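Structure first, then comments.
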Amino acid sequence: MAAKKNPAANTRSIEQLVAAKEIVIHCGSGGVGKTTTAAAVAAMAAVHHGGKVLVLTVDPARRLANALGLEAFGNSETQVPPAAFVKAGVEPRGELWVAMLDTKQSWDDLVTRHAPDRKTRESILANPLYQNITGRFVQSHDYIAMERLHEIHAAGTYDLIVVDTPPTRNAIDFLEAPERMADFFSSRLLRWLTVPSRSRVFSLASRPFYSVADRVLGSKFLEDIAEFFLLFQSMYDGFVERATAVNRTLEDKRTTFVVVSTLEAAPVHEAEFFIAALEQRGLHLGAVVLNKVLPSSFLEKGTTASARAMVSGAESLAGAVPASVGSPELVARVLREVGESFLNFQVVAKREADTRADLSTVPEVVATVPYFDRDITDLAGLLELGEQLWR
Amino acid sequence: MTVELLDRKLLFVTGKGGVGKTTIAASLALLAAQQGRRTLVGEVDAKGNLADFFEVGPTAFKEREVSRNLWAMSMSTEDSLKEYLSLQLKIPLVARLGPLARTFDFVANAAPGVKEILTIGKFVWEVREHHYDLVVVDASATGHIIGQLAAPQSIQELVQVGLVRDQTDWMLDILGDPTRTGAVIVAAPEEMPVNETLELVTRLRDETVVDLAAVVANRVLPELFTRREEKIFERLPAAALAQAIGGPVQPLLDGAQLAVTLRRTRGVHLARLRRELPPEVPLLYVPYLFQRSHGARATHQVAEHLQEELT
C-alpha cells in the first residue's frame, strides 16, 4: 500500500478526495456511523464545493430524514430544503439531495426496464417467488444498491454521489453482488431449471442431486422456480450487461471508497478485512474515517499521576477548594469520582490509541472524529461533524 | 416474567450491529452453563468472533466444548444442509452428492427462505432433540433477523409439498412457544440502536411467531454525580487544584465533563426505551466496561452483571 502513496499524500484530506471524485462509497460494519458520516460528507460538499450532491442511503432505518429537515424521503430523490441550511446558518454553494433505496421498488423498476414485453413484465411482477425474493430477503439489497448507484451516475444529474452501503452480513458482499448476479444468470443450474421439463426429467432425473432436490423441495416448487426463471431469462442479456456496467462503475477512477470504523475490536477487524478486499479487487481506497474516538486529552502526559493523586489525596485536596463550593466531604467525593472516571476512560483511550497505531499504517487519508457528546439532530450538527472530517 | 429467561430452551440474541450482540450472547450462555445447564451457543454470521469471547480456537459447525457445560459452534448453511440431508433422507447421500457447493448455491439462491430455514432449523432441531438445556443463538442483526425467524412461514407459503414443507410445522411449534423460545434484543443507549430496537419489537410481533423474552441495554455509562455533587463539580477551581497536585488537572475535569454529558444524552434514549417497550418486557442493564479487551474476562464480567439483573 505504501508504494502507492503519492508525494503529496500527507497533505491530502477528505475535502480534496471528495472534490476530485464523482462517487464516494462509505462502507464498514454496522453501528460505526456510516450513514451519518456519509450525510456529513455530502452536506459539506454541497456547502463548500457546490454543484448537485446526492446522498444515497440504503439503510432501512430511515435515520437521515429528521437531521436533514425532512419528514421522510424515499426511493425518489428529494432536495433538502434550502431553509434547512439557512437554519444551520450557512449559505450553500450547491444543492443537497437525498434518496433512500427502496429495494422492492428498485427491483420493480429494473424489471420494467428490461422486460421484453408487457405480458412478461406483469407475469414477473405478479410471481410469488419474485415478490418474496425482492421483498423479504435482504441479500437482494446488495445488488440493487449498486445497480441504483450506477443508474443515477449514468443519468448525469449529480456532480457528486455519496453512498452509504447496506448493512450486509459481510461488508464485501455488495462488492461481489454484480458479479454474483451475472454468474447467477449464466449458471448451469439456471439453464437446467429452464430446460423444458420433459427433457429435464429424461436427461437428469437419474442424477442424485436433482432427485434430492425433488424430494426435499417438492417438484411443484421446483416447477415454480423454473417458471420464474424462465420469465427472467428473457431479461438475461440485459441483466448481465447491466451487472457488468455496474462493476465498471465501481472500478472507475472517479469512484472512491471510504472505510468507516470505530476503534472497537470487531469493527476494526472488519475494516482491515475490507481494506484488503478493496486492494485485492483493484478498487480505490480513498480514506479511513475513525469515528467516536475518545479525545487525546485522556492520554496527556502527567494526567495519570494527577488522577491517582486526586483519588488518593481527595480529602487533603478538598482543602484547596474554597468552602463556598461545598462541604469538604462532598468535594472530596467529587474529586475521587473525577479521578476514578478519568482512569477508567484512560484504559479505553489507551486501547484505542493502540488499535489506531495498527491501522494508520494503511491508508493515505485517515480522519479522526471525536466522540460527539450529543446526538446529531439537525443539519448544523451534521456540518459540525463534517468540519471534523473535512480537514 | 412468566418464564425465567434462562429456563427457556432457545434464545435468539439480536440487535443493531455494533451494540455488543455477541458479548451478550456469549455471556448469557456462560451464565446458563455456570448455573448447571447444558448450553450450546451458536454464531450465525460466521465472522469467527464468538471464539474470542471464550479465548478458544475458531469454532466450526461441529460444536466444541469450551468450558464446563458449554459448547460453541458457528453456523454454516452448507454443513447444515449436509446434516439435514443425511438425517432426513437416511441414505448415505452426502458421499454421492459430490460438488455439493454448486448444488447448494442453487438451493440457497433459487429457493428463497432455504438458507434461512437451514440456519434456524439447525438450532430448533437441537431443541427438539433435547440435546441441550438451552441453545443461545448469536443471531443476525436487526436487518436480517426477521427474514430468518419468518422463514418457516415463507416456506409454507411458497412450497406446497416436499420434505422441507413437512419440517416447518414442528419448527413453528417450537418457535411459537413462549415457554421454549424467545428473542433477546440488545440495544446500546444511543438514538439509532433504540429506534431499531423499538421497530424490531413491532416487527417481531407482527411478522414472526417468536416471543420477545427480554431487551438488554448494553454499555450503560455510570452516573458520576448526584445533582448536588454536579453543582460542586462545575465550580471546582482547576488552577488551584493543579497547583495542589503539581500536575495537569484540566484534562481530568474535561474527561469527567464528557462522561457526564455522554451519560446524560444516553440517559434520554434509555428512558425512551423503557417507556416505549411493552411493560411486561424485562429490560436488563449491563454497564459499560472500561476494559483493555473483549476477551474471556469481559464475558465473565458481563455474565456476572446479567446474573444480578436476572435475580
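This structure is a prediction, so every number in the text was calculated from the model and none was measured. Each chain gets a letter, A, B and so on, in the order its sequence line appears, and its residues count up from 1.
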Structural part of S316(A) lying under 4.5 Å from a heavy atom of chain B: neither
Any heavy-atom pair between the side chains of R235(B) and S324(A) that's under 4.5 Å? yes
Examine whether an atom of E190(B) lies under 4.5 Å from a heavy atom of chain A, and if so say whether it belongs to the side chain, the backbone or both; otherwise answer neither. side chain
To the nearest 0.5 angstrom, please state how far the CG atom of L330(A) sits from the OG1 atom of T226(B). 7.0 Å
K301(A) portion near chain B, given a 4.5 angstrom heavy-atom threshold: backbone
So do Y288(B) and V348(A) actually touch side chain to side chain, heavy atoms under 4.5 Å? yes
Can you tell me if S306(A) uses its side chain to pair, donor with acceptor, with the backbone of V249(B) under 3.5 Å? no
A244(B) to A320(A) - nearest heavy-atom pair and separation: CB-CB, 4.0 Å
Using heavy-atom distances under 4.5 Å, tell me whether L221(B) contacts chain A through its side chain, its backbone, both, or neither. side chain
Measuring only between side-chain heavy atoms, which start at C-beta, is L335(A) closer than 4.5 Å to L241(B)? yes
If you count every heavy atom of other residues, nucleotides or ligands that lies below 6.0 Å from R272(B) atom CZ, does the total exceed 12? yes
By a 4.5 Å heavy-atom criterion (distance strictly below it), what part of F298(A) contacts chain B: side chain, backbone, both, or neither? side chain
Can you give me the closest heavy-atom contact between A259(B) and S341(A), atom names plus distance? CB-OG, 3.8 Å
Which bit of R264(B) is near chain A, if near means a heavy-atom gap under 4.5 Å: side chain, backbone, both or neither? neither
Identify which of G319(A), G313(A), A307(A), G326(A) forms the greatest number of heavy-atom pairs closer than 4.5 Å to chain B. A307(A)
Among L253(B), T22(B), L236(B), L289(B), which has the most heavy-atom pairs under 4.5 Å with chain A? L236(B)
Rounded distance (nearest 0.5 Å) linking atom CD of Q250(B) with atom OG1 of T303(A): 12.5 Å
Given D254(B), I232(B), V268(B), L252(B), the one with more heavy-atom pairs under 4.5 angstrom with chain A than any other is L252(B)
Given side chain to side chain contact (heavy atoms under 4.5 Å, CB included), test F225(B) with V338(A) step by step and report yes or no. CA-CA 9 Å; F225(B) 307 124; V338(A) 169; 3.8 Å; yes
Side chain to side chain, E337(A) and E223(B), heavy atoms closer than 4.5 Å: no
Counting only non-hydrogen atoms closer than 4.5 Å, does A305(A) touch chain B with its backbone (N, CA, C, O), its side chain (CB onward), both, or neither? neither
Looking only at V347(A), D354(A), V331(A), most heavy-atom pairs under 4.5 Å shared with chain B are made by V347(A)
Any chance you could measure M192(B), atom CE, to T36(A), atom OG1, to the nearest 0.5 Å? 6.0 Å
For chain A, the option from G247(B), P193(B), P237(B), A256(B) that forms the most heavy-atom pairs under 4.5 Å: P237(B)
Heavy atoms from other residues, nucleotides or ligands near CZ of R333(A) exceed 12 (cutoff 6.0 Å): no
